[in-house]
Amino acid sequence: MKYKPADNIQDLQYFGEFGGVNPSISDSSTYTFLSAKTMFDTFEGNSEGCYLYSRHSSPSNLYLGEALAAMEGTETANVAASGMGAITSTLLQLCQAGDHIVSSRTVYGGTYAFMKNFIPKFNIQTSFVDITNLESVEAAITKDTKVLYCETVSNPLLEVADIEALAKTAKKHQLTFVVDNTFSPLSISPKELGADVVIHSLTKFINGSSDTVGGVTCGSQDFINALRSVNDGANMLLGPTMDSMRAASVLKNLRTLHIRIKQHSHNAMFLAEKFQEDGLRTVYPGLKNHPGHETFKKRMNEDYGFGGLLTVDVGSLDKANALMELMQEKNLGYLAVSLGFYKTLFSAPGSSTSSEIPIEEQEEMGLSNGLIRFSIGLDNDIKRTYKMMKSCMKEVGILNKEMV
Ligand code: PLP
């Protein structure tokens, strides 16, 4: 039977201690032991099912982690206080001083800044490459390279990585292949395509209500144990721990992810096709002229579509700002960073979420300052939304007023 990520999540059952349909929330930072010997064994990592201290693990965080691991098809997972908490701990766990990372050059600005500006302090260097060009990926690998890193669908340019081909390259050079799947949960399953570690910012589609930050690292039991090790585990020692209350609420939101993703994808596909027909420079992996369309199509879990993100290049930052302000005034969405909310969110990444990337590098990767990133919401009547957006575009001079 074909691997069905959403079914995997729903097949997992956890009940509360009084038979509640949701698991009870663990409201403790520390846990008692009946014997001192069990406490010692737990410190040593040898005591299955025992909890020690909530920075290490807690029942609520484990429930959420197991559900996300089921979704991604990994052995297990570790949740973190934010996507960056998951990314930074994962990379610091995998790399020692002197090691090297090969990363896609179009990654979330915070991830880019961490690799470019922060970890060189520990003598860990990164080469940034065009991830869609396998030859340049291969050419960047050195004898010190330990990690190959990319986003399935990149932020903000929506480049599509060929995970299966990249996994082969990683395997050939014995690299750990880490994939950030934040933009394409359910649609693409990187582990099934050969990734070793799959990361999400839970802040986005997975939680979906823009009320918390959160992250997860999905991987093998050995790797997740290493992240949690009391002696040298990056998650345990750096401490980006998600609160149990939050883990419980993210788990409840995860239950509706499959329905939400279908609606985000449906709405984004509709708008992308219409915007393209109107002559706007539109990028969406669902459009046939997207360079990564065939790759995405070949690898996707069809039910969930091509995701909720699209970009439109309106030519200049002034026009982008005027359009975004007007759309917000008309209640078509919010001028805000982040993504995966019920409401459409829009921002100009060059001056916001990717501003960590120097202007020359933004230009080199094709990130122009008139680019608007849209995270399309769950609107029930997307035709009405389109008509209203089109009239905003006419009003600010992006579309010709005579157009029907
Ligand atoms: N990965 C991607 C693709 C993102 O877009 C973001 C945030 O925008 C992150 C990671 C970081 O996640 P968080 O903000 O939850 O730390």
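Just so you know, ligand 1 is whichever comes first in the structure, and atom 1 is the first atom listed for that ligand. Here the structure is a predicted model, which is why all the values come from computation and not from measurement.
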Pair listing, side-chain hydrogen bond (donor to acceptor under 3.5 Å, both in side chains) test, anchored in residues 286-298, at least two apart: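 The answer is Q276-N289.
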Residues that D379 engages under salt bridge (Lys or Arg N to Asp or Glu O under 4.0 Å), provided they are two or more places apart: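 With neighbours one apart ignored, the set is empty.
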Polar side chain donor-acceptor pair, K319 to S316, under 3.5 angstrom: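 No - no donor-acceptor pair under 3.5 Å links their side chains.
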Polar side chain donor-acceptor pair, S26 to S60, under 3.5 angstrom: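 There is such a pair (donor and acceptor under 3.5 Å, judged by atom type) between the side chains of S26 and S60.
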Every residue of the protein that comes under 4.0 Å of ligand 1, judged on heavy atoms: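 For ligand 1, the contacting residues are S82, G83, M84, I87, Y108, E151, N155, D180, T182, F183, S201, T203, K204, G214.
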Test ring pair (Phe, Tyr, Trp, His ring centres under 6.0 Å) applied to F128 and Y112, step by step: CA-CA 9 Å; F128 295 96; Y112 177 90; 4.6 Å; yes
Side chain to side chain contact (heavy atoms under 4.5 Å, CB included) partners of A226, counting only residues at least two apart: Q93
